[in-house]
Number of protein chains: 2
Amino acid sequence: MDYTTMCPKYEAAADILGKKWTGRIIRVLLGGPKRFKDIKEQIPEMSDKMLTDRMKELECQGIVKRQVYPEMPVRIEYELTEKGNALEPVIESIQEWGEHWL
Amino acid sequence: MDYTTMCPKYEAAADILGKKWTGRIIRVLLGGPKRFKDIKEQIPEMSDKMLTDRMKELECQGIVKRQVYPEMPVRIEYELTEKGNALEPVIESIQEWGEHWL
């Protein structure tokens, strides 16, 4: 890899992943589709508003999709898209580094 | 990997890497020891104060070490420690994802 010049695509990716809670949310969703409350359960310190905002951003970026099941009561689940699932090596490498060095 | 519960070591690692500019600084330092101005050259939008603050944090965390060469004028270089170099797979996977998906 060439580290002698900065790469705009790297910067854009780092900015997406660097937003507070985003790394945690993606890790939870790698476990499969989840409801709002299931995500909150694994990240209890995050406010509802913050999770709502992040999910909207991640939907806009094509990383998460929101599925509405027209049941009674309606069921809403969030899941990773192909682009979102492609982040698994990033999340895994962060996990491995954390386990080894922190 | 177990995605059913959050891992404190993952959270700690994500918080370190998620701080603004940290991902860029580590990428630059993967290219070898650098002086302050060499780092700035690749990240021109970052202020001097911000770079100074981040370098202090990264030194405290044992990710970066500061080498002082007693020349005239004195030369100061920053380089990754073993713990810092171990972040290469993280930086590479972010780069690959960015190249493919952004």
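Chain identifiers are assigned alphabetically (A, B, ...) following the order of the sequence lines, protein sequences preceding nucleic acid strands; residue numbering begins at 1 within each chain. As a basis for the values below, the full set of heavy atoms in this structure was taken, side chains included, without hydrogen atoms, waters or symmetry mates.
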### Query
What distance do B:Leu17 atom CG and A:Leu17 atom CG have between them, rounded to the nearest 0.5 Å?
9.5 Å

## Note on the structure
If you tally heavy-atom pairs under 4.5 Å between each of B:Cys7, B:Pro8, B:Pro89 and chain A, the highest tally belongs to B:Cys7

Can you list every donor-acceptor pair under 3.5 Å that links chain A to chain B?
| unit_1 | atom_1 | unit_2 | atom_2 | d |
| --- | --- | --- | --- | --- |
| A:Asp2 | O | B:Arg27 | NH2 | 3.4 |
| A:Tyr3 | O | B:Gln42 | NE2 | 3.0 |
| A:Tyr3 | OH | B:Glu88 | OE2 | 2.8 |
| A:Thr4 | O | B:Gln42 | NE2 | 3.2 |
| A:Thr5 | O | B:Arg27 | NH1 | 2.9 |
| A:Met6 | N | B:Gln42 | OE1 | 3.2 |
| A:Lys9 | NZ | B:Leu102 | O | 2.7 |
| A:Tyr10 | OH | B:Gly23 | O | 2.6 |
| A:Glu11 | OE2 | B:Arg24 | NE | 2.9 |
| A:Asp15 | OD1 | B:Arg24 | NH1 | 3.0 |
| A:Asp15 | OD1 | B:Arg24 | NH2 | 3.4 |
| A:Asp15 | OD2 | B:Arg24 | NH2 | 3.1 |
| A:Gly23 | O | B:Tyr10 | OH | 2.6 |
| A:Arg24 | NE | B:Glu11 | OE2 | 2.9 |
| A:Arg24 | NH1 | B:Asp15 | OD1 | 2.9 |
| A:Arg24 | NH2 | B:Asp15 | OD1 | 3.4 |
| A:Arg24 | NH2 | B:Asp15 | OD2 | 3.1 |
| A:Arg27 | NH1 | B:Thr5 | O | 2.9 |
| A:Arg27 | NH2 | B:Asp2 | O | 3.4 |
| A:Gln42 | OE1 | B:Met6 | N | 3.2 |
| A:Gln42 | NE2 | B:Tyr3 | O | 3.0 |
| A:Gln42 | NE2 | B:Thr4 | O | 3.2 |
| A:Lys83 | O | B:Trp97 | NE1 | 2.9 |
| A:Glu88 | OE2 | B:Tyr3 | OH | 2.8 |
| A:Ser93 | OG | B:Ser93 | OG | 3.4 |
| A:Trp97 | NE1 | B:Lys83 | O | 2.9 |
| A:Leu102 | O | B:Lys9 | NZ | 2.8 |

### Task
Counting only heavy atoms closer than 4.5 Å, note whether A:Ile91 contacts chain B via side chain, backbone, both or neither.
both

### Query
If you look at every heavy atom in B:Gly98 and A:Ala13, which pair is closest and at what distance?
CA-CB, 4.0 Å

### Task
Give, for atom CG of A:Leu102 and atom CD1 of B:Ile16, the distance between the pair rounded to the nearest 0.5 Å.
5.0 Å

### Summary
With chain B, the option among A:Ala14, A:Gly32, A:Ala86 that has the most non-hydrogen atom pairs under 4.5 Å is A:Ala86

